[in-house]
Amino acid sequence: SAACTDAGKRRVCYFYDPEMGNYYYGRDHPMKPHRVRMTHELLHGYGLLDPRKMLVLRPEPAGDRDLCGFHSDDYVAFLRAVTPETQLDRMGSLRRFNLGEECPVFYGLYSYCQSYDAGASLSAAAMLNGGSRDIAINWSGGLHHAKKGEASGFGYINDAVLAIFELLKIHEVKRRQECCRNILDIKDVPPRGDQCPKSTISQRVLYVDIDVHHGDGVEEAFSTTNRVMTVSFHKYASYFPGTGNIRDIGYSEGKYYCLNVPLDEGIDDESYQSIFKPIISKVMQMYRPGAIVLQCGADSLSGDRLGCFNLSGKGHAECVKFMRSFNVPLLLLGGGGYTIRNVARCWCNEVCRVDTPSHIFIGGWN
Ligand code: TV1
Ligand code: CA
Ligand code: ZN
């Protein structure tokens, strides 16, 4: 909340659906939803699911209407209808929506999209809008490549885009106006907006992406608006999805509100932080978002099956800690992460320390 300083504890809510770990992309497929269950079990083992520490909630499944807030109706209808048995009769549509080897049609695909992915991120965003929590977490989200009308990069529904829409909901303007009855009291008027410093609701949302891959789907969705700024750090040059050039900065109204930080393979903690912190500090200072969405893809960790960076768990957690230090409502999403024991350790550690003010020493990766 606005009153929260870095010395204060954060009110955290964490979304988890016990069904999540059962969805299966296929034996050889690198995406393993089971890693989210491993993270959860690690949290359980450490006693971190205690309601005195954080609110643990089961996500509300998203409805078709929610999904169609970003995705096209025909694509959502196809996701709902297709099954592993019927897919072969629908080869044309399969190709059109980019379903196949990378984004397979598996058992329960649509309920996976509704709960595991979109539902939890939407519930988490709504929780931040309500103002009763400072930080909301959905490790099963962060599928940042999905497009309006097609699946991409192991993702079907772009939960980050849907969550950002939720954070920007305009009916909240009313509450903001009530909150700022005396608009003249606000000395520090933010650029291009009338955001109340007391409100948890935002005119502007900042999206930051530390997955090793470029957050192309989120960037594309908001490339022409200044109400969302997207910043992605990623391996660039002969690497999926191929986009994220440093010269790509957004279009029309959104020009300069898109930032790409292309990196070489093998980058370590020290180099990463020497780039991450100054960039984020400047963005925060200039953009002053009312909410932040941080995609915490763990494929930027050293030893990842698909990734090629050399970050330690401490270095990865440093990014989360830094984003938290601005005391702006924060939504943490998962993303990539393919050496699954490392993913579970990384995300468990980040949940463990995210509510704790930085002067308190916990141990381990402090
Ligand atoms: C089935 C079985 C699919 C084994 C995909 C690695 C597989 C990959 C597989 C794979 C794999 C990619 C491309 C391919 C360009 C395409 C969650 C020619 C051993 C957020 C998505 C990466 C990353 C997609 C998602 C990438 C995220 N890499 N084995 N596929 N085409 N696709 O390179 O950002 O982490 O690799
Ligand atoms: Ca990224
Ligand atoms: Zn990735």
Side-chain angles (χ1 to χ4, degrees), residues 20 23-36 84 95 98-106 112-113 116-118 120-121 138-147 150-161 206-220 229-246 248 258-265 267 272 275-276 279-280 283 293-309 311 315-316 319-320 323 332-340 342-343 346-347:
M20 284 172 185
Y23 295 104
Y24 195 54
Y25 279 65
R27 195 193 58 188
D28 300 322
H29 200 289
M31 177 54 96
K32 305 290 183 197
H34 172 61
R35 71 212 166 113
V36 176
R95 193 159 315 188
N98 195 31
L99 300 169
E101 204 194 0
E102 296 254 304
C103 301
V105 176
F106 54 79
Y112 167 86
C113 292
Y116 179 86
D117 175 18
S121 295
N138 171 27
W139 294 138
S140 54
L143 302 179
H144 55 178
H145 302 299
K147 306 292 177 341
E150 65 177 85
S152 174
F154 317 158
Y156 308 84
I157 296 295
N158 199 317
D159 62 294
V161 171
L206 173 64
Y207 173 79
V208 178
D209 187 317
I210 61 169
D211 189 290
V212 73
H213 298 97
H214 176 228
D216 60 343
V218 187
E219 173 181 304
E220 190 184 299
M229 177 156 187
T230 59
V231 183
S232 177
F233 298 80
H234 46 268
K235 156 75 180 155
Y236 183 73
S238 45
Y239 204 65
F240 184 86
T243 47
N245 190 289
I246 196 163
D248 296 338
C258 159
L259 191 56
N260 282 299
V261 187
L263 300 167
D264 286 332
E265 59 201 19
I267 190 167
Y272 199 92
I275 296 166
F276 186 82
I279 290 176
I280 294 300
V283 166
V293 177
L294 177 61
Q295 198 270 20
C296 302
D299 49 6
S300 43
L301 291 175
S302 187
D304 189 79
R305 185 176 159 198
L306 298 189
C308 56
F309 286 173
L311 297 190
H316 195 275
C319 299
V320 180
M323 295 316 305
L332 300 182
L333 302 176
Y338 306 99
T339 300
I340 64 175
N342 293 344
V343 178
C346 174
W347 289 345

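Remember, it's 1-based here, ligands and their atoms both numbered in the order they're listed. Residue indices begin at 1 and follow the sequence shown.
Look at H213 and the Zn ion (ligand 3): an N/O/S atom of the residue is under 2.8 Å from the metal. Counting backbone and side-chain atoms alike, Q295 contributes no N/O/S atom closer than 3.0 Å to the Ca ion (ligand 2). Among the backbone and side-chain atoms of H213, an N, O or S atom lies under 3.0 Å from the Ca ion (ligand 2). Between the Ca ion (ligand 2) and G215 there is no N/O/S contact shorter than 3.0 Å.
Less than 4.0 angstrom separates some heavy atom of L306 from each of these atoms of ligand 1: 6 (C), 19 (C), 28 (N), 36 (O).
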Exercise. Assess whether side chain to side chain donor-acceptor pair (under 3.5 Å) is satisfied between S121 and N138, documenting all intermediate values.
Key: CA-CA 6 Å; S121 295; N138 171 27; 2.8 Å; yes
Practice problem: Walk me through it: do H144 and D209 pass the test side chain to side chain donor-acceptor pair (under 3.5 Å)? | Solution: CA-CA 9 Å; H144 55 178; D209 187 317; 2.6 Å; yes
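Ring planes of H29 and F154: perpendicular class, angle over 60° (limits at 30 and 60°). Ring-plane geometry between Y25 and Y112 is classed as perpendicular, the angle between the planes exceeding 60 degrees on a 0 to 90 degree scale with a lower cut at 30.
The shortest N/O to N/O separation between E102 and ligand 1 falls below 3.5 Å. At a 3.5 angstrom cut-off on N or O pairs, H213 counts as close to ligand 1. Considering backbone and side-chain atoms alike, H29 places every N or O at 3.5 Å or more from each N or O of ligand 1. Every N/O-N/O distance between D28 and ligand 1 stays at or above 3.5 Å. Residue Q295 has no N or O atom closer than 3.5 Å to an N or O atom of ligand 1.
Note that atom 18 (C) of ligand 1 has no protein non-hydrogen atoms nearby, at separations under 4.0 angstrom. For atom 30 (N) of ligand 1, the protein comes within 4.0 Å by at least one heavy atom.
In this structure, atom 11 (C) of ligand 1 lies nearest to the protein heavy atom P30 CG, 3.7 Å.
No heavy atom of Y239 sits closer than 4.0 Å to any atom of ligand 1.
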